[in-house]
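As structure tokens, the structure follows; a few thoughts come after it.
Since this is a predicted model, take the numbers as computed values, not measurements.
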Amino acid sequence: RREPDPRPTPHPLPSPLALLALVPPPSMDTIVAGATSAVAQLAANHVFMAGFWAWAAAQVLKVFTTRYKRGHWDFRALVDSGGMPSSHSALSVAVTTASARALGLSSAVFAVSLAYALVVMYDAAGVRLHAGRQAEVLNKLIDGLAPHPADGRRLKEVLGHTPRQVAAGAVVGLVIGLTCPVGGQAL
């Protein structure tokens with residue numbers, strides 16, 4: 001017969017879910033105040049706002065360029081990828097330009113923004129453009145097959161941009177980045 005162990009048995013640690021039950025949930029006022037604060041901080045960030053307005057301007061311009069190209073209004077261009085001008089290029093160039101104006105060309109933020117912008121524009125005019133062209137060829141091949149192997153779904157063909165669309169987006173971004181206020185004043 002063994003003697004009982006005189007040491008006290010350790011209590012098991014509470015589970016993480018049990019610990020969460022001890023923390024009261026935040027009130028709706030706290031959640032709304034936090035979200036309002038986050039939106040206010042973003043609105044006060046001039047570099048962010050330059051990127052946002054360049055993106056929005058490029059998306060709106062797509063409606064007009066689509067009208068010019070196709071002869072009818074198509075408001076789906078507001079949310080479509082591809083098209084003239086490239087909103088990705090506009091956003092990244094505006095952020096890069098605003099970063100340069102706010103922090104200088106020697107800042108690390110500008111260097112990262114510039115690298116990001118160059119990668120985005122290269123990708124838009126290279127990899128994404130060719131992926132879209134491949135989707136177009138695949139759609140033509142699949143359309144000739146019966147039964148349709150993809151249940152009638154077509155691959156998205158407009159994924160990237162032509163170099164002209166990328167350049168137009170870069171111009172939009174440059175103009176917005178140069179005209180948006182940075183650091184409280186427009187230069």
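The two residues Arg101 and Thr179 have their closest heavy-atom pair at NH1-N, 4.2 Å. Residues Val120 and Ser92 share a closest heavy-atom pair of CG1-OG, 4.0 Å. Between Val93 and Ala170, the shortest heavy-atom distance links the atoms CG1-O, 3.4 Å. What you find for Val172 and Ala57 is that their closest heavy atoms are CG1-CB, 4.3 Å. Contact record, Gly173 with Thr97: O-OG1, 4.5 Å, taken as the closest heavy-atom pair. In terms of heavy-atom proximity, Cys180 sits nearest to Ala50 at SG-CA, 3.8 Å.
No more than 12 heavy atoms of other residues, nucleotides or ligands shown are found within 6.0 angstrom of CZ on Arg164.
Taken to the nearest 0.5 Å, the CG atom of Asp123 stands 12.5 Å off from the CG atom of Leu118. Taking NE2 of His88 as the start and OH of Tyr116 as the end, the distance is 7.5 Å to the nearest 0.5 Å. Distance CZ/Phe48 to CG/Leu91: 8.5 Å, rounded to 0.5 Å.
Grouping the Ile, Leu, Val, Met, Phe, Trp and Tyr side chains by contacts below 4.5 angstrom, directly or via other members, places Val175 apart from Leu114. Val60 and Tyr68 are assigned to two separate hydrophobic clusters, defined by single-linkage of ILVMFWY side chains at heavy-atom distances under 4.5 Å. Hydrophobic clustering keeps Val119 apart from Val112 (ILVMFWY residues linked when any side-chain heavy atoms are closer than 4.5 Å, directly or through intermediates). Each of Leu174 and Val171 belongs to its own hydrophobic cluster when Ile, Leu, Val, Met, Phe, Trp and Tyr are linked at side-chain heavy-atom distances under 4.5 angstrom.
The closest side-chain heavy-atom distance from Phe110 to Leu103 is not below 4.5 Å. With contacts defined as side-chain heavy-atom distances shorter than 4.5 Å, the pair Ser87/Lys62 qualifies.
Between Trp55 and Phe52, the ring-plane angle classifies as tilted under the 30° and 60° cut-offs.
A donor-acceptor distance shorter than 3.5 angstrom exists from the side chain of Thr65 to the backbone of Met84, with no hydrogens or angles considered. Gln59 contributes no side-chain N or O that, together with a main-chain N or O of Ala56, makes up a donor-acceptor pair within less than 3.5 Å. Without hydrogens or angle criteria, Ser113 side chain to Val109 main chain gives a donor-acceptor distance under 3.5 Å. For the pair Arg67 (side chain) and Asp74 (backbone), a donor-acceptor distance under 3.5 Å is absent.
Separation of the Phe64 and Trp73 ring centroids falls under the 6.0 Å cut-off.
Partners of Thr96 according to the side chain to side chain donor-acceptor pair (under 3.5 Å) rule, which considers only residues two or more places apart in sequence or in another chain, do not exist here.
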